[in-house]
Each structure stands twice: as structure tokens, then as C-alpha cells.
Number of protein chains: 2
Amino acid sequence: METIINEKSYACWLQYERIEDREWLENNKSRFQSIVVIGNSPILNSALNELNLGIRSMFDNEPTLYKKRVEEASIIIGIYDEIHNQFKELDTNRMEELNEESYIIKTIKNESLLLVGKSDKAVLYAVHHLLRLLQLREPIEHLDIVESPKNQLRMLNQWDNMDGSIERGYSGKSIFYENNRITKNLGRIKDYARFLSSVGINAISINNVNVWKLETKLITNEFLPDVANIADIFRSYGIKIFLSINFASPIEIGQLQTADPLDPDVIKWWKNKAEEIYNFIPDFGGFVVKADSEHRPGPFTYNRNHADGANLLANALKPYGGLVIWRCFVYNCLQDWRDRSTDRAKAAYDHFKPLDGEFLDNVILQVKNGPMDFQVREPVSPLFGALEKTNQMLEFQITQEYTGQQKDLCFLVPLWKEVLEYDTYAKGKGSKVKSIVDGSLFGFKYSGICAVSNIGDDENWTGHTLAQANLYGYGRLIWNPDLSSEAITEEWIRMTFGEDPFIIEQIKSMLLESWSIYENYTAPLGIGWMVNPGHHYGPNIDGYEYSVWGTYHFADRDGIGVDRSIDTGTGYANQYFSPNKEIYNSLDTCPDELLLFFHHVPYGHKLKTGVTVIQHIYDTHFKGVEQVDKLIKKWSTLKGKIDEARYSNVQERLILQLDNAKAWRDQINTYFYRKSGIADEKKRKIY
Amino acid sequence: METIINEKSYACWLQYERIEDREWLENNKSRFQSIVVIGNSPILNSALNELNLGIRSMFDNEPTLYKKRVEEASIIIGIYDEIHNQFKELDTNRMEELNEESYIIKTIKNESLLLVGKSDKAVLYAVHHLLRLLQLREPIEHLDIVESPKNQLRMLNQWDNMDGSIERGYSGKSIFYENNRITKNLGRIKDYARFLSSVGINAISINNVNVWKLETKLITNEFLPDVANIADIFRSYGIKIFLSINFASPIEIGQLQTADPLDPDVIKWWKNKAEEIYNFIPDFGGFVVKADSEHRPGPFTYNRNHADGANLLANALKPYGGLVIWRCFVYNCLQDWRDRSTDRAKAAYDHFKPLDGEFLDNVILQVKNGPMDFQVREPVSPLFGALEKTNQMLEFQITQEYTGQQKDLCFLVPLWKEVLEYDTYAKGKGSKVKSIVDGSLFGFKYSGICAVSNIGDDENWTGHTLAQANLYGYGRLIWNPDLSSEAITEEWIRMTFGEDPFIIEQIKSMLLESWSIYENYTAPLGIGWMVNPGHHYGPNIDGYEYSVWGTYHFADRDGIGVDRSIDTGTGYANQYFSPNKEIYNSLDTCPDELLLFFHHVPYGHKLKTGVTVIQHIYDTHFKGVEQVDKLIKKWSTLKGKIDEARYSNVQERLILQLDNAKAWRDQINTYFYRKSGIADEKKRKIY
């Protein structure tokens, strides 16, 4: 591992670069001379190893490890229950109010540093926090930090298949599977666990939500021993593993004739199956389920509903504390473009709202951030706030399926931040999405956030080096949604590229503008979907226009957009609470960036910016390409200032991005010019 | 083979149904009591076996086989040179004028039947001719037939890959390859050879023109022994085999650093390679080559031209009488839709016209019927007639890549007939395509017709039972392009479905209308290409509009079509001889069905029929669906009248065709209504 970790690409934000400031080193090295760990557990070992690695690497000095000489150690780490009697500096009242994942970092009187967690996992988080401070060269003389994660479940979904492919993966092959087996290369998985724990991820599902034939067998004793090995690795970094399961498992691997959730044999089969799994993995997290969606089997086959299906599994997992994460990505995927009465955007709400309260308390409904499918711009799903009595979690997509596939730069933290800060008005003003998914608004027993991972076996994990920022930023943001995009961005750059203010400034502006740039040159004004079918990269304006997927723009010679208003449209706007409902419903108040999602308007319709829809399309598409050009110029100023490997990786992808942006610009502009017949006011080249 | 041949689906047009007419049987059975074969060769054996099989099956009576008792036999078969001295009835002068594939069938004085060919292959054709007469219940009392094929090379191209897949195959897997080897199931290949010989096919290339890595090795001793086995089978049915080769073979399998056609090592390598191949297959036909086309390697890499490339191979094959068939399907496949100066339709002419006369005399240029790629409607390629000093053959596509993929009914003989009858005016009026490819107009040494096969390992060979008619019809038409579509159609139906006049009438009208029906509901007025990219089935109006393939319709809100006229367009029309040039060039004279291929016109442009372009689009698309509905009704009248297996096969596909036709109708109509804003005069439903 030593050799690998020296590769900056591979080491991501945990490079632990040697500290070159000699004065600082002289002043502070005494604080990192020795460590004592109170207690013993795999996670505490991970914490100690990480701390040791970080100090050794940054200070070029191996700290002494004491077993029990607390009074002599410069750093003391341990679990609160085992340690608080020895340190009167710990505020007992405050600590006891915190949750199991909370920690303090405190400089005590003899200048020793105390890292105390409510659990061993929390200790590991404290260690990562301290190492982050060191990497960021923050002052560490007088620390007094109390920190708790805001969200309970902080999860990643791997859409990995056992043949080594990754659905919507753009960073190489799976690090979990190869040749239809679980990989023997566990070292890489361990490093992944390190990265995830460093940003506070505490749960992971390790196989694709589309569970194919072979993957259905992951919950059999053919594969459970190997799954248990993976669970061991993640456990030592405080991460629980989940498996995506096939709802038809009782038939496919259980020899039953049915998978009916109310059938006694099926109920018994899942109970036995749960017992079997927990024999292998005592702290198994539970199941992720995509049922009755996009041709996956589910309870509908038996005239049962989603609650019947989810509760079946929840009952089986309950004795062991397991969870059922039931995805709400459910819609009619055999729509007819000729039938305008069906609206895919309405589907999740229509399916799940009537079932509110019918799910067991260890079921969590997993809801994508928008009603469609991770487009560059969508409204927030109206299911947030609509379910008051059902545990809920939010699903993001880190992998850039519709946002440039890690060829194009698209830093997604600002998008996620916008979603989390969105006010649903479910219980009046201030009912933000973040307070729903952190459980506070409705008092959910379980809740949180998950996201589809963007990593693969590329050396730099994420294909595009700058896409590492999405993984890092995701973890940091869901730990604390109150963090600003800017703060997260800067943190990541400094940990990844160092302290040069010029570098920081250049990359920061690239990242923070990138979502807007991508939006500029792709589908306009919230309409989405103008991509090539299947792989979803590159422009294809009518690619999904006559399809079965409910993904239309309805552009004709006069105008464009989907009327989802209440009186004349599909009524989707009605799924929101007031005043959002009214805001979206009215052409006067609907925000420009979502205009075409909610309304069909003439090309001459004036936006709030004063320009017409058609001129906005032309302007943003010319601008988007110019902006990518500027990204390239900006990046080129870093040549020689950062290592060649990462420099070229980004440069090559920016050039691909420019090609893509031009293809988008020209096809979008030509398409709408041909349709509208309205010339560009600025007389730029439209083909 | 006995059991298989009883299956009507498998037996195609060689079912040899028992003759049920007892009176006819009584009157004629004496004519089929005994056979004598003069001479001995594998092909004569095939002829005898086929004759024996046919008689036994139709008469339920095994004919006696004599070795030498010519005077007692009711049927005498043999080669002219070995037989003519014994029969003064043979007109020696006439026979000697005929070519090696000619034959006579003659009733001689004692009512014996003489089947005499100029070669053993011709004898086999004579046998098939006689069996066809019997199957068609034609009078056979006083036969006096002299028959010669009009075209020299009558060829099929198999686009089969060694993994068993078939490029553009819609009838199952390859019958030639499985699991990256040549199949061991040679029985099916033998049956295929029988079918082909029955319609006079005399050449076949047995691997895809796109020659991938493994297929490149077909000309190595790893596979040549198996190729030789296949050659043995085809040889015994008078069919020569060809292989498609990879122009880069000297590099890929020859350890050379170059494939430069003027490099001495490359020249030597191909000479040695030819020798090696002819050691295995002494009558090997030669090479089919797709070079410098759609990313296949070719002479351009070395700054050489097509003549350099073709002549390299021709020199190597010449000592053995082998041919090089060099495909002219060459164009820039990385076009930019933004650049209207490039016209794919012009490419083949532009590439090959300047090279006329530079090819060796054992090179044949293979030219697709149209300048694009087997669309439902294209003009005839202007290369026909343009090359006066270069052997040429015509390429058709039997497999229905763009014409319904054997889900939709599309009988292609009328299309091919139109091409063959097309007057190029190359040497004044009457310079028909058929007289170019039969070699007569310019006196080509080699020429002919080839086509991409439509067969696979489906039980009925062609997926759609009625698609058997395309294979049969192709063979019959290229044997004699003067045959009418109607005659060929009726022949095929009677051999395949029997003598019931009602059945014949129904199927005949279905077949003969099917091309026009397919054209009605797909891309209008010769514009082509409005298909889903990649697989090419189903509508996608803009599917190829912003692509690299040179396949555009340029529809905007005002009009549609590609301006290929001389003054304002790409000048493609100029590649034709007068008066075709002027006819296409002028809006007034350009035939309606090719209007949008040659001109960009407003939607309101009046066709010669008096209706506008937009109304024509609506009318034909509504009509097309109604016509498919009628096909279904027509076919349903045959229920119970033909065997259930073939009845259901066709019925199921007609239902798929109806779905497809509706999808086309609605997408085309909606697309153009949205663009033009012009309502249907008849106020039918447009979405």
C-alpha cells in the first residue's frame, strides 16, 4: 500500500503531503510525538493506523505508540464511556446529549490532544477530522471541537454487477467483482473504505439495484462467505453493508412457485434467509430493493402493494435490526408518447403517498432528488414532505449519468445543496428537505441520504480527477448539509492539490461554475432528456421524444415544454404544498430554470431575464461553449504547477468536453432554428 | 435429411409434394420410371440425387437407375461433350454457341427425356428445371427447352461472423459458424447449397465483408482445412466459394510491418497466401474486399489508390484463375452534418470513375444498387454506365436491413427488377443496367450480380416464411432479368404453397404490393434514413440527422429534402448521363418518388399527383397502415388452407408489422405536423 499511496491520483484527498513549513513543524511536532489508544476494537485499530499513517507521512516522524501511559502521550484517543472518568475536562452533560457518532477534539491543559468519540466509529471520525485540520494547515494549538453528523444514514449505492461491469459507471470496472465472482483484491476495497470513512460514510450497498440472475445468488451460501469478508473490511471502518435483492428470490433461488408477499411459504423463506445472512454477517445493514420498476419483479405481480412487499422483508430483518430500503423510482416505463394524460413525473407521489403510514418502522423509502431521473435540472421531488409517517431517505447520483459521464466537468455539490435547502412548506415555512431527511421534521426513526457512487478501478477512482470532488463533497455535505458549497470545494482542493492560492482559486472557480456551464450547453430550461438513448451521453434532441419512457419536450414550430399545470396540464404542480404549488403553476412565478418542466410556451415567451425562450436557448448554448473554452484556458495555467499525470488527465477530458459542448450547441441551436424559424438576434453561426 | 425435408418450412420451394392428380400420374409416370446418367462427377451425383429425390417424392415411386442402358431409360442425363454423338436430335450448332452453364431439355422420339448440359453444373440446372416444371404441374409431354443464364456471376454474400452472429441477419444464427469455429453441422450447409443451385446461384462468399480479428485467420492453415470442407459441399452443387479478406492481413497474420500494396514483401506475401489457399481449394473463387470503408483498412493508409489495392490481390490470384471482388461502398463515414458541401451519394462515383481502366482484368468492382445503402427507395447508382473499362457487378441486399428486417413483409423482386430495367443511357437509349452487369454493353470479361443473403439457422431459413420468396426470386431474376416479377412470384407461391388458385391469388397480391406498402409508411419520397441508428428498425426521424454518416433530410419548418441539383445543390445529379441528369436536376421532371433525394422543397410543393408534399406524407402514412391491416385480413383468409406452422409464422409477423407501421405513421405525421404546422386536409388523428 505504501507505493500506491504515493500516487496522488490514487490517494485522492488523503495524500498526507509532507509539511514543508519548518517553523510550523518545530512549533508543533511535539504535539504529535506519541499516541495512546484506550480500548481495543477493529475500528479503533483503523483509527490508530490512519492517525499513525498521517502523522508519519506529514511529519516524516513515526509517533510512539503507548499502551497505557496516558499522562505521557501527546494524543489520547478512545471511547467516551471508557475514558471520561480520567479527564475532568470533558463536559459530561454535553457529551451525553450527543449521538453515537459524535466526537470531541479537545486540547487539554498539558497541551495533550484528546480525541473522544461516543463510539469507536466516532473516534475514527475524530481522527479523520484532526488529519483534515493538519492537511488544511489549520491552527491546531487550542482545539475544542464537538461534532455530530446531521444525518443518520450516510450511504453509497454501488451499481456494480458481478461480471465486473458497472451500470452507469464511467471509471473503469468494478473494484468488487470480476469474472462473476467477488474479487480477491481486497486491498483496493479497504482503501475505498478508508476514503469513505474519512468523509463519514457509514453504509454501502455493494451490488446494482437491478439484480440480475447471478447477483440474485449473493444471498446464498455460494457467495455469503465472500460477502462477509467484504463486510469485515467495511466494518473496521464503521460502514455497514447492504445488498440489493431480487424480489423474486423465493422463486429464483428458493424453489418456490411464488414470491407473493402474503404467502406463508414466502414469508417463512425470507425469515430463514435473513437468519442465514445474519449468521454470516451479524451487523448486516439490510436490503435495498427496486421492485415493480423498469421490468424488475415486485409485489404488483400478486396484486399486492409496495407496503406489502416492503413489510414482508422488514418483518424478516427486524429481529436482527436490519432495514429495508425500498426505492420509489417507480413509474410506467411503457408509456405512449401519444397519450398526454400519463405523466411520469407524477408517478412516485401517486404510488406512495396513499401508502403513508402503512410501512413498518424498519422500512425506509428511498426517493430520488427529482421526479424524473437525475437530470441536470429538475424540481425537487414532491414526495419530500408528502410522507409524514414513513421513514424516508434522499437519493442523489454522484456518477454523472446525465451530467457528462466524467468526461465533462460537472461538480454536483451546488446541485445537491440546492435540493437540501429547498423549502417544501410541508409544515409551513422552513420545512426544508434537509430537515426531512435528517428525520427532525417528522421524527422519523430512520432516515438519511444515499447516492450512486462514481468510482471504479481506474487508478484515480473516478475517471476524471476533478470528479473526486463529487465523492468527497457528497460525504462532507451529507455529514453536515449546513456546510457551504464553497467551503467544501476549497477543502477538497487544498487536500487534493495543496496550498498554492493560485491553484486553489483556478480550480475553485472551475468547479463552482461547472454545473451551470453544463446546464448552459445541454437541454434548456429544465426540460431535460435531449440525450442519446441508452448510454445518455451527447445530444439527441428527439432521442426520447417518441419513446416509452415518459420523457418528452413536445417542441413544435410554435413552442416547447410540458404543461404540468393544474388547470390545463397534467396537474403535477398540484403535488406540491403551497406556495410552491402556486409558484410552479403560474407562468408568472415559475422560475426560469424550470419553466419548460412546468409549462408549454411559445418560443417568443419572455423569461424573467427579459430575453425570449428561443434567444435564451441560443445565448446559453453559445455561452456554454465559450465557457468550456475558458475552462481549458484556466486549466492550462496550471501546467507545471501540478503533477503531469493529473494535469493531463483533466486536460484530455476538457478537450472531450469541448467537443461535446460544440455538438450540443450546434444540434440544439439548429434544431430550434429549423423548428422556430426565428433567427439569432446576434447573428451567430447556426447551421 | 428425410425427416427434415418433410417440414414445409424448412423445405422452402423444394417440397416435392406428392402429385395427387391420379389421371395425370397414370399418363405420365412412365416418363419417370428410370434414369441413366452418362458420366460421373460430384455435381452429376448431386443432379442424380436431386432428380431421384424429386421423383420419388412426387410420384411415390423410386425410379430405376441404370448405369449404361441408355436405350431403355426414360430420362437420360449427361454432359454434351460425352453424349451428343449418341443423339442426333441434339442441334450441334446451337449447342456449341451456348455457354458452359447452358442446357437443353428435350423429349426425343421414344418419349425419353434428354437433359443435356454444356457442363455438369448445367446438367444440375437442367434437373432443377425439370423438377420445377413438375412442381408447377406444367405440361411435360413435348419438351424442347434451351436455357442459358444471362449473368455470369450469380452470387450470394454471407455477412456471417465466426461467433455465430450475422451482421444484419434476422433469421437466427449463422449456419456456417458457431463458437468461433466453422460448424460441424455440414448437413444444413449442404441443404443450403441445394436450394441455391436450384435457382442457379454459382458463387458464394462465406464470411462478413467486415473482416474482424478472428475472421482474418480464415485464410490461414488454422481454418483452411475446414473452409475446404465447405468448398467441397458447394462445389458438388456448382457453387464456387469466396472469402472476404482483411486488407491488413500481411500485418495481422503475416508478421509484416506494412500492408502497402506496392511493397515487395507484401506482394510476395499475398502470392504465397494465394498458393496456400489454392493448395487447399483448387477452384477457390477469390476474395471479396471492403477496403478503406467504414474504418476497414485499405490502400489509402499507404497513399495508394483502390486500383493499387485491388491489383495487388488480383496479381496474386491470377495464376489460379481467381477473382478480386472490390466493393465500391466507399465514402467519408466521418462527415459533419454542418458541412453541406460533402455528399455521400457522390462518393462512389468520385472515387472510382477516375480509376476506370486501371484495374486488372480479374478485378470486379461491386456496386450497390443505389448510391446510399439499400434504402427502400434510392436512385440507381450513377456508377453503372460510368465505368466502361472495368469489370462490374451489382450488389443487392436480400436481407431486409432497411426494409423491415423480416418482421415486415417486403418482397424485393419488383425493386430489383426496376433497377435492372433502368436505362442509364451510357451508350444511348437502351443501356440498361441489366445489359451492363451481364457484360454485354461494354464487353466485360467478368460481371454479374451478388446480394447479401437473408438466411440463418431459423427452421424456415429466412425468419419470415414469405421472405423465402426474396431468396428464390433473387436467384430466378438474376438468372434471367427478363422474367417478370409476377411470373417469379407466382412460381414461388405455387412451389411453396401449392396449386390452390385462391391461395395463389391472395399471396401474390400480398407480395407484389408489399414494397409499395412498406414505402408508404416509412421515409417519404426517396429521402430515406429516418430509422433508429445502429439496428435500423423502426422510425426515428432525426435518428441520422446530426450524425457523421452523410444521411440527412434537412427538414425545417418550411420544407424538406436534399438539394443534389447541379446549380444550387451538391451536383450529384451531374453524375448521370443525359437525359437522366436533366430529369433529376429539374424540379419539373424529377420523379415524385425521388423528389426529396434530389431537391429541397417547401411542404406546399405540388407533386405530379396534384397533392402537396405534406399532404402526400399524411396520405401515404395513413394508407400504409390501412394496407397492413388489409394484409392481415388477407392472410387470415388462408387459415386452415395452409399448414398451421407457416400460417402462424406469417400472422405473428404481420401483427408486428402493424405495430411498426403505426409507430411510423404516428411519428412521421406528428413530426411533420409539428414542424410544418399544416393540418391534414382530411382531419385524421395526428398526435
Side-chain angles (χ1 to χ4, degrees), chain A residues 334-342 529-535 537-548 552-562 600 602-604 614 621 625 659-660 662-679 684-687, chain B residues 334-342 529-535 537-548 552-562 600 602-604 614 621 625 659-660 662-679 684-687:
Chain A
L334 291 173
Q335 289 180 47
D336 189 327
W337 61 271
R338 291 167 282 212
D339 167 20
R340 294 214 189 179
S341 70
T342 311
W529 290 112
M530 293 176 171
V531 292
N532 283 304
H535 62 74
Y537 189 77
N540 191 333
I541 293 98
D542 276 0
Y544 276 101
E545 187 59 13
Y546 300 95
S547 77
V548 298
Y552 316 122
H553 55 64
F554 299 127
D556 60 20
R557 74 197 318 256
D558 302 315
I560 178 176
V562 184
H600 187 93
Y603 292 115
I614 188 73
H621 285 77
V625 172
D659 283 347
N660 190 37
K662 285 179 179 167
W664 273 97
R665 176 194 65 192
D666 294 337
Q667 290 188 38
I668 290 267
N669 286 347
T670 297
Y671 181 98
F672 287 105
Y673 175 65
R674 285 188 187 176
K675 251 188 174 146
S676 71
I678 300 170
R684 290 161 293 193
K685 179 76 179 165
I686 295 178
Y687 295 89
Chain B
L334 292 173
Q335 288 180 48
D336 189 327
W337 61 271
R338 291 167 283 213
D339 167 20
R340 294 212 188 181
S341 70
T342 311
W529 290 112
M530 294 177 171
V531 292
N532 283 304
H535 62 73
Y537 189 77
N540 190 334
I541 293 97
D542 276 359
Y544 276 101
E545 186 59 13
Y546 300 95
S547 78
V548 297
Y552 317 121
H553 55 64
F554 299 128
D556 61 20
R557 73 198 319 257
D558 301 316
I560 178 175
V562 184
H600 187 93
Y603 293 116
I614 188 73
H621 285 77
V625 172
D659 283 348
N660 190 37
K662 285 179 179 168
W664 273 97
R665 175 194 64 192
D666 294 338
Q667 290 188 39
I668 291 268
N669 286 347
T670 296
Y671 181 98
F672 287 105
Y673 175 64
R674 285 188 187 175
K675 252 188 173 146
S676 70
I678 301 170
R684 290 160 293 193
K685 179 76 179 166
I686 294 179
Y687 295 90

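Each chain gets a letter, A, B and so on, in the order its sequence line appears, and its residues count up from 1. Keep in mind that this is a model prediction, so the values were computed, not measured.
- In this structure, the separation between OH on A/Tyr546 and CG on B/Asp542 is 8.0 Å, given to the nearest 0.5 Å.
- Remark: A/Trp337 CH2 to B/Thr670 OG1 distance equals 3.5 Å, nearest 0.5 Å.
- Interatomic distance, CZ of A/Arg557 versus CG of B/Asp556, reported as 9.5 Å (0.5 Å rounding).
- Taking A/Ala555, A/Gly543, A/Ala663 one by one and counting their heavy-atom pairs under 4.5 Å with chain B, the maximum is reached by A/Ala555.
- Heavy-atom pairs under 4.5 Å with chain A were tallied for B/Arg340, B/Lys675, B/Arg674; the largest tally goes to B/Arg674.
- The parts of B/Asp666 that come within reach of chain A are both its backbone and its side chain, each placing non-hydrogen atoms under 4.5 angstrom from that chain.
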